Each structure stands twice: as C-alpha cells, then as structure tokens.
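Reading through the structure tokens given below for one structure.
Bear in mind that the values here come from a model prediction, so they are computed numbers and not experimental data. Any value given below was found using the heavy atoms of this structure, including those in side chains, with hydrogens, waters and symmetry copies removed.
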There are 4 protein chains.
Amino acid sequence: MTTNMSSGRLQDFINRIEKVEDELSGIKNDRKDIYLELKGEGYDVKTVRKIVRLRKIDALTRQQEEELLDLYKAQVGL
Amino acid sequence: MTTNMSSGRLQDFINRIEKVEDELSGIKNDRKDIYLELKGEGYDVKTVRKIVRLRKIDALTRQQEEELLDLYKAQVGL
Amino acid sequence: MTTNMSSGRLQDFINRIEKVEDELSGIKNDRKDIYLELKGEGYDVKTVRKIVRLRKIDALTRQQEEELLDLYKAQVGL
Amino acid sequence: MTTNMSSGRLQDFINRIEKVEDELSGIKNDRKDIYLELKGEGYDVKTVRKIVRLRKIDALTRQQEEELLDLYKAQVGL
DNA sequence: ACAGAAATAAAAATGC
DNA sequence: GCATTTTTATTTCTGT
C-alpha cells in the first residue's frame, strides 16, 4: 500500500513552516544579543529602540510618498 | 430578595460598550459617505485614502521625534 | 481670478475625513477605558469581549429573520 | 581628527539591528508564501496555523519533561 | 516577579 | 472571492 499522499503533503508544509520558524527565533535571538551588547556599552536600550522605530517610520513615509506619486502619474496618463 | 448586583454591574458595562460601538459604526458610516461624496465629484478614492494615510504617518513621525527628544533630554538630566 | 476651487474642495474633504477619524479614535479610547474599568473590577476582558461579539451576532440573526419575514410577507401581499 | 567614535559605534549597532530586521521580514515573507502555497492546494490556513501552534506547545512540553528528567538524574547521581 | 507598555501574530472586516 | 486594511489576541520587554 502506498502512503496517504495528502497527509504527507501536509506534513511537508508543516515541516517547511517549522523550519522557517526556527530561523525566525534564531534571528530574534541575534537581535536580542545586539541590544544586550549595546546596553553593555552603556547605551540606553529604550532610546535605541525608538531610533530604530523612527527610522522605520521614515522609510515607510518615503514608500508611501512614492506610491502617491505613482497614483498621480497614473492619473495624468504617465 | 435584591437583584444580583454583580450581574447587573456586568450588564451595565456591556450596555455602555454597545453604546460606544453604535457610535463607532455611525461615524464609520459618516466617513464612508464622505468618500462616496468626493468620489461623486470626480476625485479618486484610492488617492485620497493614500493622502490621508500619508498625513497620518507624518503626524506619527512628529510624535515619535518628540518622544525621542524627551528621552534625550531625560538622559542629560533635563 | 479666484483660487483654484478644486484643491480647496479636496482640502475640505480631507479635513472632514480627519475630523471623523479623530472622533473615531476618541470613541475607541472611551471603549478602551470601559474595558479597563471592568477589568479593574475583576472582570475578564477577553471573556467580556466574547460576550459582546456573541450579542452582536444574535442581533444580526434577529435582524436577518425580520428581513426574511418581511420578504415573505411581501410575497403573500401583507 | 578622526570622527567621533561613540556615534560611529552607535551607528554600527543600528546597522546591525536593521540588518537582522531585514532578515526577519524576508523570512516572514517566506512563511507567508508557504501558507499561500498550501492554501492554493486547498488546505485551510487557519487550521494549519493551529496545528503548528499545538506542535510548538508539545515540543515545549517534551523539552520540559527532559529537563525535569535530567534534574532527577542529577539528584540521584546519574 | 509582576504590572504595564510594546511588538508580533492571528483573525475579522472591508472594498474592489 | 480575493486581497488589503483594521481589529483583536498573544507574546515579549522593561521598569518597579
């Protein structure tokens, strides 16, 4: 008898998901380590977090501005 | 016998929540109407939505900048 | 020549949208406060949320039943 | 004169953080793609998410049991 | 350790 | 119905 193909397929998907989730937690640990390291050098973690957040918002702003520009261009037939 | 005070209390809370949720859907309808209205005057809804979003992000940026400044000030003892 | 009416018009729309969005966040804060308040009296927030949701579904069901009734009534000439 | 070392140091930390955050979003996209793929094959995303979560809890439980076993073993000199 | 705040993940709702 | 946005739930982090 052959194995049930459907369930093997699902199993595959779950394996792949769990693999990427392992990678995710590894990288999250890396980030945590960086914060610990800079804290160890006397930097204020809360402040650095806020700087990172602010830079992220700035990037988002730029992206949204570009999208708006694209909309305008589309409206004038460019 | 008096009524169960606890359950009456919970009932009160739920009434208050449902009241504000009614207000919420009313205001969401108002917003929807405004978009319909401007669409009726030939404006592109998608574009206007993006402008509103962009302005919101800008406001957020300013707020985050102020918070960062506050952190800096606190760090130099202001 | 007068100022460009279109852009003033758009500005008006955006002002109105932002006004209703401010109202939205105000009312959301009210709701949040109610949840904080009932939490402070020992109620479980998550559970109360579920109750509110269930009651909403019930209300919806009742409304649908009434609409169906109206439909049938119309079909039999009531 | 050389550049201010402190600020360069902070800049380094921020660069490293942003680098790992980029990696994070890349991998999150990978995960999203897997869910899209399994959805495309007819699986229910929400249910698969639940399974993944359950397996995570199971793994945690097993790990805790092993740790407890190790503790007992140490206590009896194994 | 625990309360409150912030980040992330998941679910639900909305618009096209 | 599909995809994007919004809301809710869970998890993580930080300061007391």
Using 0.5 Å steps for rounding, measure from the [atom1] atom of [X] to the [atom2] atom of [Y].
{"X": "I27(B)", "Y": "K32(B)", "atom1": "CD1", "atom2": "NZ", "result": "14.0 Å"}
{"X": "Q11(B)", "Y": "I51(C)", "atom1": "CD", "atom2": "CD1", "result": "9.5 Å"}
{"X": "R55(B)", "Y": "D58(B)", "atom1": "CZ", "atom2": "CG", "result": "8.5 Å"}
{"X": "Y43(C)", "Y": "L10(B)", "atom1": "OH", "atom2": "CG", "result": "5.0 Å"}

Value in whole Å for how far the [atom2] atom of [N] lies from [atom1] of [X]:
{"X": "I51(D)", "N": "dA9(E)", "atom1": "CD1", "atom2": "C1'", "answer": "18 Å"}
{"X": "Q63(B)", "N": "dA5(E)", "atom1": "CD", "atom2": "P", "answer": "15 Å"}
{"X": "K39(C)", "N": "dC2(E)", "atom1": "NZ", "atom2": "C1'", "answer": "12 Å"}
{"X": "D30(D)", "N": "dA9(E)", "atom1": "CG", "atom2": "P", "answer": "13 Å"}
{"X": "Y35(D)", "N": "dT8(E)", "atom1": "OH", "atom2": "C1'", "answer": "14 Å"}

Is there any salt bridge (Lys or Arg N to Asp or Glu O under 4.0 Å) pair reaching into residues 61-76 of chain A, and which pairs are they, with sequence neighbours excluded?
->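 Salt bridge (Lys or Arg N to Asp or Glu O under 4.0 Å) check on residues 61-76 of chain A returns E67(A)-K50(B).
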query: On DNA chain F, which is the earliest and which the latest nucleotide, 5' to 3', with an atom closer than 4.0 Å to a heavy atom of chain C?
result: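 Under 4.0 Å from chain C, the extent on DNA chain F is dT7(F) to dT10(F).
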In the hydrophobic clustering (ILVMFWY, side-chain contacts below 4.5 Å, transitive), which residues join L60(B), or is it alone?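 I57(A), L60(A), I57(B), listed by chain and number.
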### Message
According to side-chain hydrogen bond (donor to acceptor under 3.5 Å, both in side chains), who are the partners of T47(A), at least two apart in sequence or on a separate chain?
### Response
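Counting only residues at least two positions away or on another chain, T47(A) forms a side-chain hydrogen bond (donor to acceptor under 3.5 Å, both in side chains) with D44(A), Q75(B).
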Discussion item. Regarding R31(B), tell me which of base, sugar-phosphate or nothing describes its non-hydrogen contacts under 4.0 Å with the strands shown.
Written reply: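 No contact.
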My understanding is that only residues two or more places apart in sequence, or in another chain, count here; which of them pass side chain to side chain contact (heavy atoms under 4.5 Å, CB included) with E21(B)?
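Side chain to side chain contact (heavy atoms under 4.5 Å, CB included) check on E21(B) returns I17(B), R31(C), V52(C), K56(C).
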What pairs of nitrogen or oxygen atoms, one from the protein and one from nucleotides 11-15 of chain E, lie under 3.5 Å apart?
from    : atom 1 : to     : atom 2 : distance (Å)
dA12(E) : OP2    : K46(D) : NZ     : 3.0

